[in-house]
Engineer: 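Structure incoming, see below.
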There are 2 protein chains.
Amino acid sequence: MKYNAVTIKDVAKALGVSTSTVSRALRDSHEISPETKELVLECAKRLNYTPNPIALSLKEKKSRSVGVIVPEVANGFFSQVINGIESLAFDKGYDVIISQSLESYEREIRSVQFLASRSVDGLIISLAAETANLEHLQQLHARGLPIVFIDRITDEINTHRVIVDNFRGTYDATEHLIQSGARRIAVIAATEFLSTTRERVAGYREALQANGIKELPELVHYCFYGGIEFAEIEEIVNKLFTLRQKPDAILTTSDKLTTGVLKTLKRRGIKVPQDVALAGFSNTDIPELIDPPLTLIRQPAREMGAAAIDLLLQMVNSKRRGERV
Amino acid sequence: MKYNAVTIKDVAKALGVSTSTVSRALRDSHEISPETKELVLECAKRLNYTPNPIALSLKEKKSRSVGVIVPEVANGFFSQVINGIESLAFDKGYDVIISQSLESYEREIRSVQFLASRSVDGLIISLAAETANLEHLQQLHARGLPIVFIDRITDEINTHRVIVDNFRGTYDATEHLIQSGARRIAVIAATEFLSTTRERVAGYREALQANGIKELPELVHYCFYGGIEFAEIEEIVNKLFTLRQKPDAILTTSDKLTTGVLKTLKRRGIKVPQDVALAGFSNTDIPELIDPPLTLIRQPAREMGAAAIDLLLQMVNSKRRGERV
DNA sequence: TTGTATGCGTTATCAG
DNA sequence: CTGATAACGCATACAA
């Protein structure tokens, strides 16, 4: 709701001129005399006039707002991404509307449609773990909605993506574990649906191979809701440590997974790195505080967010002064 | 922008009826025949009609969106708060527009005005550390904008607030430190401007007094940008540990302060709790992972967020069917 | 029950 | 240079 009752009409009435004149003065049109302009501007300020963005949106068919859908806000990585997005968007005068998929496909669909129906000018999204079907986004994309994927991307839609070198991250981390003497390296990853998972696991595999180590199926674990439900991680760790031949290292492919595994190991009294070495993705402060330091893979989350919104606004603006959708 | 060109007019034209008829059918008005309603609904679905929320907002003078301003998104506590807000708001069909003050007064003013000008129906805010003057919010409040304060509140505006018992938190934590043998308990707090700081430091003081311990000025430190700038925390810790009589315990009054102090201690090789005991607020996973466990004070951030949005929407709705502002 | 006209705040297109 | 008018998409008071 507008808490500034004063409209362009009010200042027009106050000055005894027409609304068009006021509009022109405000928009700094060239077709207006300096005196009237001055007059209008003064009056507008005095009356504390502020333009109504809703009316503007209706007229211009754009809302100067962007939608952001992440799996979960309360997550080190994603909250940093949002930080980057918001900072830059704010400077450019764009609203940032946040929605969470909570890793649920159904929730993601609803979020996407909700935001689309709210007329966002563009969308930044990191896919939910459950999402395997991209129709809901393909539709919008086909209709011309600018979309940028971040971190968890898809090949099925041809648009900008912002990612880090996931393959490289796990490749290097795995190799580091091997250099440190590990041979039985387990990996705990998120859903295979996720692009990040696939790339990261591929890096792990390649590193093993490059070092002549055979991959053992019993050491590779995927978890669906590892980011949300802690129990799943616990179960996997338990399984790993009841193997006849226990792993001598664990690689984790996400923030929450890393934290979850650390927690579980601590509860079970398994020491890192004495009993098992650990490496993985993390954007929290945790690794810095743990003794001894872990091999961790960080993502420049804030910068990724900034890059995403930057790309998005470029698309939004090129579309504005361009072709019909 | 709307990616659904089809409007109420299109379906009216397609059916050869008037827009009002369509509107009525869609709004399930009683003044319409079941047959035409059926017809319209079918056609609307077929044409994939979705209402334009912007036009609706313009007409009804409400946007079904709420603004949220927090000091920083990438912060355990606040991101959990946002999680709670978003979850509930989404279910009720409200947009959540996020903005960060980054602890800056000037930025907070701009955020507030930005959101207000974007016609949010209500505002949830946690004040910036710098904010001492509340005019920017008083104005909006006077004009009738529903506001709910969360965590960092103010007495100067009479509206709903969502907080935990801050006094109690530090009182208990301090007492626990004392029970464990600490006598020279330092406190590292955020700005005194913040309600949370005042209440938390008060709890500390009261606990000292109740246990017959004299407060030592050299052990009480406030930091302005502790949440954002790490260097400040480091400096305070350094100062504390170059005192002739070093502290035997430290109490921290926020998430970032707790993490920051832990980091600094680790870098300086000061062991917890052997060299110094530690207690404080934290909503991260860190304390659970550290050995030995710290005395920590947790806030039910998600629930606080949910409570805030619940209160806010109540205000928004009572205002809707009520008095003019 | 349905259609017509009006207005929400703004800008663009015409006349004057 | 300025004023009147239409239009954006929708809901509604009023007329039929």
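Each chain gets a letter, A, B and so on, in the order its sequence line appears, and its residues count up from 1.
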Engineer: From B/Ile309 CD1 over to B/Gln314 CD, what is the distance, rounded to the nearest 0.5 angstrom?
Structural biologist: 11.0 Å

Engineer: Examine C/dT2: is either OP1 or OP2 under 4.0 Å from a nitrogen or oxygen in the side chain of B/Ser33? Give yes or no.
Structural biologist: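 The answer is yes; a side-chain N or O of B/Ser33 sits under 4.0 Å from OP1 or OP2.
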
Engineer: Is it true that A/Arg152 and A/Glu72 have a side-chain N and a carboxylate O under 4.0 angstrom from each other?
Structural biologist: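 Salt bridge absent between A/Arg152 and A/Glu72.
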
Engineer: Phosphate oxygens OP1/OP2 of C/dG3: is one of them under 4.0 Å from a side-chain N or O of B/Ser18?
Structural biologist: yes

Engineer: Could you check B/Leu58 against B/Ile32 and say which one's nearest nucleotide on DNA chain C is further toward the 5' end?
Structural biologist: B/Ile32

Engineer: Please work out if A/Ser20 contacts a base, only the sugar-phosphate, or nothing of the nucleic acid, heavy-atom cut-off 4.0 Å.
Structural biologist: base

Engineer: Got a second to check how far A/Asn52's CG is from B/Ser119's OG, nearest 0.5 Å?
Structural biologist: 5.0 Å

Engineer: C/dT10 phosphate, OP1 or OP2: any side-chain N/O from A/Ser23 under 4.0 angstrom?
Structural biologist: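 Checking C/dT10 against A/Ser23, no side-chain N or O comes under 4.0 Å of OP1 or OP2.
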
Engineer: Between the base of C/dT1 and the side chain of B/Thr21, is there a donor and acceptor pair under 3.5 angstrom?
Structural biologist: no

Engineer: Within the side chain of B/Asp91, is there an N or O that forms a donor-acceptor pair under 3.5 Å with the backbone of B/Leu88?
Structural biologist: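 Looks like no, no N/O pair under 3.5 Å.
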
Engineer: Check whether any side-chain N or O of B/Lys59 sits under 4.0 Å from OP1 or OP2 of D/dC8, and answer yes or no.
Structural biologist: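 For D/dC8, OP1/OP2 do not have a side-chain N/O of B/Lys59 under 4.0 Å.
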
Engineer: Starting at atom CG of A/Asn52, determine the distance to atom P of C/dC8, rounded to an integer number of angstrom.
Structural biologist: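 Taking atom P of C/dC8 as the reference, CG of A/Asn52 is at 12 Å.
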
Engineer: When we call it a touch if two heavy atoms are under 4.0 Å apart, what does B/Arg24 touch: a base, just sugar-phosphate, or nothing?
Structural biologist: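 Base: the residue B/Arg24, judged by heavy atoms under 4.0 Å, touches a nucleobase.
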
Engineer: Whole angstroms only, please: what is the CD-P distance between A/Glu31 and C/dA15?
Structural biologist: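 Checked: the CD to P distance equals 15 Å.
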
Engineer: Distance check needed: C/dA12 P versus A/Lys61 NZ, whole Å only.
Structural biologist: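 Whole-Å distance recorded here is 14 Å.
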
Engineer: Taking the side chain of A/Val17 as its heavy atoms from C-beta onward, which of D/dC8, D/dG3, D/dC10 lies nearest to it?
Structural biologist: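 Of all the options, the side chain of A/Val17 is nearest to D/dG3.
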
Engineer: Assign A/Thr36 to base, sugar-phosphate, or nothing according to its heavy-atom contacts below 4.0 angstrom with the strands shown.
Structural biologist: sugar-phosphate

Engineer: Would you kindly give the CZ-to-P distance between A/Arg27 and D/dT2, to the nearest whole Å?
Structural biologist: 18 Å

Engineer: Is B/Phe149 close to B/Val162 at the side-chain level, that is, under 4.5 Å between some pair of heavy atoms?
Structural biologist: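 Counting from C-beta outward, B/Val162 and B/Phe149 never come under 4.5 Å.
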
Engineer: Report the distance from atom CG of B/Leu56 to atom P of C/dG7, rounded to the nearest whole Å.
Structural biologist: 19 Å

Engineer: Atom CD1 of A/Ile8 and atom C1' of D/dG3: how far apart are they, to the nearest Å?
Structural biologist: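 Going from CD1 in A/Ile8 over to C1' in D/dG3 covers 14 Å.
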
Engineer: To the nearest Å, how far apart are B/Leu47 CG and D/dG9 C1'?
Structural biologist: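 These atoms are roughly 16 Å apart.
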
Engineer: Please report, rounded to the nearest Å, how far the P atom of D/dT2 is from the CG atom of A/Leu39.
Structural biologist: 10 Å

